[in-house]
Structure formats: structure tokens, C-alpha cells
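Naming: A, B, ... by sequence-line order, numbering from 1 per chain.
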Amino acid sequence: MEVAKETPEQWQARLEAIAPELIEELNTKKEPDKGLKALDIEEGQQVVMRFAPNPNGPPTLGSTRGIVVNSEYVKKYGGKFIIRFDDTDPQTKRPMLEAYDWYVDDCKWLGANPDEIVIASDRVPIYYDYARKLIEMGHAYVCFCDGADFKKFKDAKEPCPHRNASPEENMEHWDKMLAGEYEEKSAVLRIKTDITHKDPALRDFGAFRIVKTAHPRLEVGDKYCVWPLLDFEGAIEDHELGMTHIIRGKDLMDSEKRQTYIYNYLGWTYPKTTHWGRVKMHEFGKFSTSGLRQAIEAGEYSGWDDPRLPTIRAIRRRGILPEAIRKFMIELGVGETDISISMDSLYAENRKLVDSVANRYFFVWDPVELEITDAEPCTTTPALHPTEDRGCREIEVNNKVYICKEDADKLQEGSKLRLKDLYNVEITSMEPLQAKYLGDSMESMKKEKMRIVHWSPMDGVPVKVLSPDGDFTGIGEKQVATELNKVVQFERFGFCRIDSVDEKIVAYYTHK
RNA sequence: GCUCCGGUAGUGUAGUCCGGCCAAUCAUUCCGGCCUUUCGAGCCGAAGACUCGGGUUCGAAUCCCGGCCGGAGCACCA
């Protein structure tokens, strides 16, 4: 009671008297957690985690969160990382055949080598077995209600007329379903939960429906006309595959509650779950897979790796390194807050990695000729990198160079400027653009505060840069051709990945 | 309508479980300065936040209640 009136200092003195061992705890500073939070792991437990996409479109930057975080935990604790294709909808979210390989390939690229690859459409008989079991136990029933009718019952917390059918009747109906005797939408298998549950989302949910469209995978084709829905398929698989932990979007929080009914019926233990919120990228609007496919087919985009798209294929092609994405995603962590992030942060991460390895070159966009009327032919040897000792490139210059139009536009007769790594000039004529040689003294350049511009020799090669903000065409040093598949920096422009080298060089813009 | 999450600087993030080390961490962004023959990097400096209102408490970012805002679920999509 007296304690209340004392100052913290007095408490400390008292504490020292009664419990000196606690003083140390008082004085130790809490260490801020770095990286991913610890997983709730049981003693000696091997973690098994998965990334479970529907391959109905290409993996995107959004997918990388699931890939990186799940695989990172597996790396951290030792265990198994599984990629599972939840491709049980041949119709509405019809899988895209190429995407299966893309996902696996992009996982590997991201350093998330899957220990196991599981395709749900290969395992339908397993789901059927469990469906039977649940029907026998009286936990599932075939419902013939129209969707709207069922909703009415459900909203009223009332069982639909089919809910009380006997297991035997249900089994009969189920067999007919499997035999294809019912039309699409005329019957579904439901799992009984609690029809009076206060949360309408948890009342009797659908587990299987009838789809008479063939599956795009040739191995599967039209083998099945009854397909499981996510809550069922996922529930069974997570158990079958021995999942210990699940991390996924919080939109699937109710899923867990629904699936828990199945787990309880079958006497299983649900994996530990963590959720994250929605992620939006500032730079990218909404891309629907179907919309994108149309736009690509219509030629609006060059393909799934068009630099304007947020697909992993595009990002890779642009020269973003997997380590940058990993760091970025791990830094994000797994909060339940919906977030909206900017590519700038990813670019900053990538820049740190790429800056020291990228060689520097000149690339002049919108080139205009500049003649230096009295220049002697010469050779200049600018360093390939400003700080790393990686040698030089050699450029021969006669009496003409290209400079960017936007630099030329700022000039007028009498302007003095420095051609970077070459020499100083003074403009003598604007049309045609001509200059006279002014020596190569750095001192006078500094004293007169000349602008420094980059340039390109007359024997340069045509370069086209594809960027999210449009294309740039111009001339670059011919040595750029030796950098195929590497990221270079075009000075005063930005980092680019050299994508192809023919008569013309094509580069993908990475970032500033 | 019913139900469930969430809300810390421009953007992310730590801290919230278990109230006092928090006049709140780190990164990025932005703005200055230095350095540099580009840009970036680097170095120095600056700006910038606990959604609001009540309550509990000696003490609240942290616990409780309510409002506001945002997201999600209630699909024969995943």
C-alpha cells in the first residue's frame, strides 16, 4: 500500500533488498527481434510446411511471400518444404498447364527447392475415400438444394431437407454422383458442422461439387466429374502430408474453423496456423489472370514476362536477384495487417546487391550527333566500375559523338560541357550541333562548373531498353554485347539486364 | 444482415501475449551537407508515428469497453 507513493528509484532499492536476483532482469535491455519470428515448435519436431498455389496463372511477386517465408522457416528449423498444386477446379479457375513448371522453376530460382511436389488432381481417389468415411459416420450428406434455397435455410439456422438423410441414403446418392448420374449444380456433398452456429460462414459447408468439364492435365482429363472444394481438399492434404505449420492469408481464417470440423470427426490434430494480411503493390493495379491472358493474346503485352507485369518471370528477366526478394519478404514478416508496399523498397534491396557487380557503360537514348570540329582522334579508357578494380573499356573517338537529346536541348551557343571521361568542349553552333575542343583539364571543368554528360561513340550499337514505363531506343557502347544475361549500369540512366545481343541489343530495365 | 481479423512516421517493421526499460526500434522514402567525372553507394545531419474517446492503474502503444477506419468470410473459386 505504501509502495504506491514511492518513486521507481525507491522501488529499485527495495527490490534489491528483497530479491536481488531480479535486478539483473530489470537492467537487461530487450533485444529487438530480427527477421522472422520464432515458430511454435514442439521438442525435436521436424517442421513440414507448404506453398499451395492454384496454377491457374503464373507465379507473381505476391506468390513469393508464400514461397520465401514458408521455405525460410523450413531452412531455419530443418524439415520439409512441399509445393502442392491445389488444382481441383477444372472450370472456374482452370489450371494453366505451363504454370506448373513455372511455379517449380521459380521456387528453385528463389532458393526454395521443394522437397516434394504434390498435385491434387492426381490424388482425387484419396479425397473420395475420406468422403465415404465421413458419409458413413454421418458427418456428410448429399444436398440437392439449389444454392439460393440452401442459403435461405442456412441464414435461418435451419437444416435443409437433405441434412437428415441416413448414411445409407447418402452413400447411394454419393455413388450416383460419382457415376455421373446428376447434372452439374444439382447436387453437392456437404460437411455437417453446426447449422445454428452464430457465424454463418461456418454452417454446413460444401465439400464436393459436380464438374463435367475435363481437367486440362492430360493425365487426368475427364476421369472425374466430382471435384473437391478447397476446404476439403486442403484439409485432407494437410493431414496426409503431415503438415506441422501453415502460414497463409487471413482470408482463409474461416477455412481453418471449417476444416477443424473434419479434423475433429477424423480424430486429427490441426496444424499450427499463422496468417498474413493482404499485400498490394503501389506500382501495380489489379491484374486478373483472365484479363491478363486476354491482354497478352491481344498483343498489349509481349507475354507473361513483359516488364510491366508483376510476374516472377518478368521480375527475373529484369534482373532482380532472388536474394533481394528473399530479404525483402523476410523483412516484411507475417503481420495480419493489410499492407501496401512500394517496389522502391525491393529496388533498394536489389541495388545493394547489384551495384558492386554491374559494369558501367554509356547508353544514349534519343541520340543526337555532336561534332567536335577541331578534335584529334583519340582513345579513352573509362573504368568498368567506379570503385571495384575491374579494368577498363576502350572507346575510340574521332570527331563526332552522340549525346542525349535532352542534354542537347539544354545547350546554347557558348555552353561549355564535359564529355564524361573524354574532354571539355564549347558549343559553337546549335544547327548543326557543333563544338570546339576545350582541353581535357579536370580543373577548368570544375572551376567553370561544366555539366558532365555521357555520350556514345559513332560506332556504337543500337540498344533498346524495355521498361515498365515504356521503351527507350538509342546507341550504346559496343562492349555491352559482352554482358549478355548480366546486369549493367547505363550511366545516368539506370540498371538494366542485357537480355539479347544481335545486330541490336535488347535490355530490360531493372531500376534506377 | 450475421461473423471474424486488423489499425505504430510517406511506406514497411520492432515493441502489444506477460503494463514501468518506449520522450517508441530498424529499413526504406523525402530533405539538407560532404564525397564522387554519372547514377547509385558511402559518410554526416534533419524531418516524420502509437486511429479516436472513455475506463482500470501510481503508471497504458501494451489490459477492458465503445466509436471510427480498413480488410475478409458467409461460393457448387482458390
Rounded interatomic separation in angstrom, taking NZ from A:K198 and P from B:rG1: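 In whole Å, B:rG1 P and A:K198 NZ are 17 Å from each other.
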Suppose you measure atom [atom1] in [N] against the same atom in [M]; what distance do you get, rounded to whole Å?
N: B:rG66; M: B:rC31; atom1: C1'; answer: 41 Å
N: B:rC21; M: B:rA60; atom1: P; answer: 11 Å
N: B:rU13; M: B:rG73; atom1: C1'; answer: 27 Å
N: B:rC74; M: B:rC18; atom1: P; answer: 32 Å
N: B:rA23; M: B:rC2; atom1: P; answer: 41 Å
N: B:rA46; M: B:rG33; atom1: P; answer: 15 Å
N: B:rG10; M: B:rG48; atom1: P; answer: 10 Å
N: B:rC64; M: B:rC17; atom1: P; answer: 9 Å

Check against salt bridge (Lys or Arg N to Asp or Glu O under 4.0 Å), A:D122 and A:R217: CA-CA 10 Å; A:D122 278 338; A:R217 291 182 62 232; 3.1 Å; yes
With A:F490 via ring-ring contact (aromatic ring centres under 6.0 Å, His included) - residues at least two apart: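 Scan of A:F490 (ring-ring contact (aromatic ring centres under 6.0 Å, His included), adjacent residues dropped) gives A:F363.
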Holding to salt bridge (Lys or Arg N to Asp or Glu O under 4.0 Å), I want the full list of residues that pass it with [X], two or more places apart in sequence or in another chain.
X: A:E237; value: A:R123
X: A:K416; value: A:E448
X: A:D238; value: A:R50, A:R84

Summary of salt bridge (Lys or Arg N to Asp or Glu O under 4.0 Å) pairs that have at least one residue in residues 346-366 of chain A, sequence neighbours excluded: A:K327-A:E349, A:E349-A:K352, A:D355-A:R360
Residue pairs, two or more places apart or on separate chains, that pass salt bridge (Lys or Arg N to Asp or Glu O under 4.0 Å) and touch residues 57-68 of chain A: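 Applying salt bridge (Lys or Arg N to Asp or Glu O under 4.0 Å) to every pair that reaches into residues 57-68 of chain A, excluding sequence neighbours, yields nothing.
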Contact pattern, 5' to 3', of nucleotides 29-44 of chain B - B, S or - by protein heavy atom under 4.0 Å: S-------BBBB----
Nucleotide-resolved protein contact map, nucleotides 63-78 of chain B, B/S/- at heavy-atom distance under 4.0 Å: -------BSSBBSBBB
Which nucleotides of RNA chain B pair, in dot-bracket form (Watson-Crick or G-U under 3.5 Å, | meaning another strand): (((((((..(((.......[.....)))..((((.......)))).....(((((..]....))))))))))))....
Cationic N near anionic O, under 4.0 Å, A:D204 to A:R163: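 Answer for the salt bridge query: yes.
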Salt bridge present between A:D407 and A:R492 (N-O < 4.0 angstrom): yes
Neighbour count above 12 (heavy atom, 6.0 Å) for A:D389 CG: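 It does not: A:D389 CG has 12 such atoms or fewer within range.
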Option among A:F232, A:Y141, A:W227 that satisfies the ring pair (Phe, Tyr, Trp, His ring centres under 6.0 Å) test with A:F208: A:F232
A:E336 vs A:I341, nearer the 5' end of RNA chain B by closest nucleotide: A:E336
Dump every N/O contact between nucleotides 45-50 of chain B and the protein below 3.5 Å, one line per pair.
none

Over-ring placement of A:R190 relative to A:F150, 6.0 Å and 45° cut-offs: yes
Side chains of residues 249-258 of chain A: which donor-acceptor pairs under 3.5 Å do they make with residues two or more places apart or in other chains?
residue : atom : partner : partner atom : Å
A:K250  : NZ   : A:E336  : O            : 2.9
A:S255  : OG   : A:D231  : OD1          : 2.2
A:E256  : OE1  : A:T273  : OG1          : 2.6
A:E256  : OE2  : A:T273  : OG1          : 3.2
A:R258  : NE   : A:D231  : OD2          : 2.7
A:R258  : NH1  : A:A201  : O            : 2.9
A:R258  : NH2  : A:D231  : OD2          : 3.3

Contacts of type side-chain contact (heavy atoms from CB on, under 4.5 Å), residue A:Q294, not counting sequence neighbours: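 If we apply the side-chain contact (heavy atoms from CB on, under 4.5 Å) test to A:Q294, skipping adjacent residues, there are no hits.
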